[in-house]
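Just so it is clear: chains get the letters A, B, ... in the order the sequence lines come, proteins before strands, and each one is counted from 1. Keep in mind it's a predicted model, so treat the numbers as computed, not measured.
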Number of protein chains: 2
Amino acid sequence: MKDVARLANVSVSTVSRVINSSIPVDEATRLRVEKAIQQVNFKPNLIARSLRMKSTNLIGVVVPELQHETFTSFIKFAEESAEARGYNLVIGSTNTNPETEERFIENLIRRNIDGIIFSRVSDHSRVLKLIDRTKIPIVIIDRSLAREDIPAVVLDNYGAGAMAAGHLLSLGHLSFACITGPLDISINRERLAGFRDTIMTGGGRLDERYIFEGNFKYDSGGRGADFLLDTGADFTAVWAQNDYMAIGAMNRLAARGFSIPGDISIMGLDNIEHSWMIMPALTTMAQPFRQMCESAVDLIVKASRKETTDASRIVLGPELVIRETTAPAGAGSRKLVGH
Amino acid sequence: MKDVARLANVSVSTVSRVINSSIPVDEATRLRVEKAIQQVNFKPNLIARSLRMKSTNLIGVVVPELQHETFTSFIKFAEESAEARGYNLVIGSTNTNPETEERFIENLIRRNIDGIIFSRVSDHSRVLKLIDRTKIPIVIIDRSLAREDIPAVVLDNYGAGAMAAGHLLSLGHLSFACITGPLDISINRERLAGFRDTIMTGGGRLDERYIFEGNFKYDSGGRGADFLLDTGADFTAVWAQNDYMAIGAMNRLAARGFSIPGDISIMGLDNIEHSWMIMPALTTMAQPFRQMCESAVDLIVKASRKETTDASRIVLGPELVIRETTAPAGAGSRKLVGH
DNA sequence: AATTTCCGTGAAATCGATTGCACAATCGAT
DNA sequence: ATCGATTGTGCAATCGATTTCACGGAAATT
């Protein structure tokens, strides 16, 4: 900057003012400075600026892992939104390990990061205290926390369950099964409640024995299918609370001789890439990940500019994606197995 | 830091020396300082340090997109390695858009980033000049460039092609087809060369008409299968140069009545998650992504510490993953269609 | 003509660390 | 007792920006 100043025959203060247009500068000198900036191809050093301004234009994104498409989607869309607003992303995956979480957050704080988008915080970790102390804007995404004072962007989980039930009921299904995610996580209980309630009021039945608790991974879908089948196979529709488990269940059902969707209809949730790469293509519900991330980034940008301070909670609805794994009840040749 | 200094009754210089153990400090005062640091829970501000040291402990990772699993793997493994060395990751996806690429790199440079891991640079972009000018360590990953003076970590692409051919030859296949990636990218030509050469020396044949140029996406696998089938279906084994295309081709082949692997064996490359979630599970080759990223991070860390200055090129081999889509030739009931 | 207002500019402080240099204290050797 | 070497510490400069404050001169007001 000194070079530019010398070249334009002004002080560094003036150069700074031209760059940031913070305070009006005489037209003539402004042009002179701009020309000098061009000449030496000067780009302000962001570190020095950050030190002075206490703002880095960096957003941290913390996810439990980078394997599941859910989380890579978060990163993808967050990156998109951040880039559009002139922010860069610092990412970290924590394996839900409180220690890693803490170390990472600590680092971000020391880097004076502008905000953090956090997915699947371990509730019991001391991380939240860490954040409270430093007053860094934080947005929880995908999973709400017990604490209502922290901004969050989440799916309407109850609505998702209701939507799954609604679609299947409309196809004439009456006997249901469900493969859930871990039920100690509240969003999964909400999803189940929406599913169950809608089935009830729609005149269908969801026997408690036909609820299998999985872990969101492919394998547990297969285990779920086995469990349900062995319990007594008198259901015609299965909803798995994410696509990985839905695909796992579907493959197992097919392997055990059931036709999809002839004998059994199956639905997932997430609309991951795999869901349309398999045969038959999976009927599922898309989570509005792009919008979620956009909102999250927005919240942080605004908060870091102190434009708002209210802890808002944004709830977004899923979108039904009908493909080939759901069909009218009784389309296949299978007889319901009694017990 | 001033608070700590006052509390411990020393100067800030001494506090700094305790923190960095750069210069010996008297045992007694060191303990006093450490206690003071504990008391005020002091953590050095990394921005100030970066400004002074001209080193940020940040590594940039630039990928063309965050959709394909290949690139999310890069990020995942790079994050792992970086975290282990005390670095954080700044990521950006460019859509291979030279403008976005430039903007992003520019940003990283202005942030005084320690190094950049770059995947699939657009060769014609002005980015490399940009980087040359600032002397930031850079490592190309996954795809080599014409310029030999830039460090790179790449797959042994010729070897991968050879490995695919070898496996299929060992199963007795003699008539081959190949679905390639874009052939203007050198790595794909190398893969094809390895495939072709090994088939030749192994006594098989790869008719030029049975080479279809895809674009690495799912759809082009299906198109490739159609093309090959319509050209004349006298091949018993297909290698697609990545898993997405392999799965696309496999689904189309199945849809057109061929049994996999009975009639036609099929192989991919990458070992993406989808590859074992489909039925039948895909035989493929795993790229050593973890090792690639580890090497890349290592190169950057070393370069940024000026421990080495030589532009090394690291070549790593793939690993064969045999699953269910390859079988001995002639296992199925299909008769080869002559023409 | 004197006073006030306004605008543009520069000098210097600031952000929070690291480090070169100078100096004081300790020690051992002559 | 004197000297040189060694060790530990503090002062002040530095990194590269932003911003407060003060000041000079032009314009506006009386």
Exercise. Based on Watson-Crick and G-U pairs with both distances under 3.5 Å, what dot-bracket line describes DNA chain C 5' to 3', crossing pairs as [ ] and inter-strand pairs as |?
Worked result: ||||||||||||||||||||||||||||||
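Against DNA chain D, the stretch residues 26-46 of chain B makes heavy-atom approaches under 4.0 Å through Asp26(B), Thr29(B).
Between the CD1 atom of Ile23(A) and the P atom of dT19(D) there is a distance of 9 Å, rounded to whole Å. Rounded to whole angstrom, the span from the CG atom of Asn9(B) across to the P atom of dG8(D) amounts to 18 Å. Rounding to whole angstrom units, CD1 of residue Ile19(A) and C1' of dA17(D) are separated by 9 Å. When rounded to the nearest whole Å, the span between NZ of Lys2(B) and C1' of dG10(D) equals 15 Å.
On the nucleic acid side, DNA chain C contacts chain A at distances under 4.0 Å to non-hydrogen atoms, with the end points of that region at dG8(C) to dG16(C).
A donor-acceptor pair is defined here as one N or O able to donate and one able to accept, closer than 3.5 Å; such a pair exists between the side chain of Asp26(B) and the backbone of Ala28(B). A donor-acceptor contact shorter than 3.5 Å links the side chain of Asn97(B) to the backbone of Glu99(B).
Salt bridge absent: Glu79(B) and Lys76(B) never bring a charged side-chain N and a carboxylate O closer than 4.0 Å. A salt bridge is absent between Glu106(A) and Arg103(A); no separation between the charged side-chain nitrogens and carboxylate oxygens falls under 4.0 Å. In this structure, Asp132(B) does not pair ionically with Lys129(B), as no charged nitrogen and carboxylate oxygen lie closer than 4.0 Å.
Between Glu83(B) and Thr100(A) the shortest side-chain heavy-atom distance falls below 4.5 Å. Contact of the Val297(B) side chain with the Ser295(B) side chain is not registered, since no non-hydrogen atoms from C-beta on lie closer than 4.5 Å. With contacts defined as side-chain heavy-atom distances shorter than 4.5 Å, the pair Leu7(A)/Lys35(A) does not qualify. Proximity of Val62(B) to Thr94(B): side-chain heavy atoms (C-beta onward) are separated by under 4.5 Å at one or more points.
The two residues Leu58(A) and Tyr87(A) come nearest to each other via the heavy atoms N-CD2, 4.0 Å.
Ring planes of His68(A) and Phe71(A): tilted class, angle from 30 to 60°.
Side chain of Thr14(B), nearest nucleotide from dT9(D), dA12(D), dC21(D): dT9(D).
Between Leu51(B) and Arg17(B), the residue anchored closer to the 5' end of DNA chain D is Arg17(B), taking for each the nucleotide with the nearest heavy atom.
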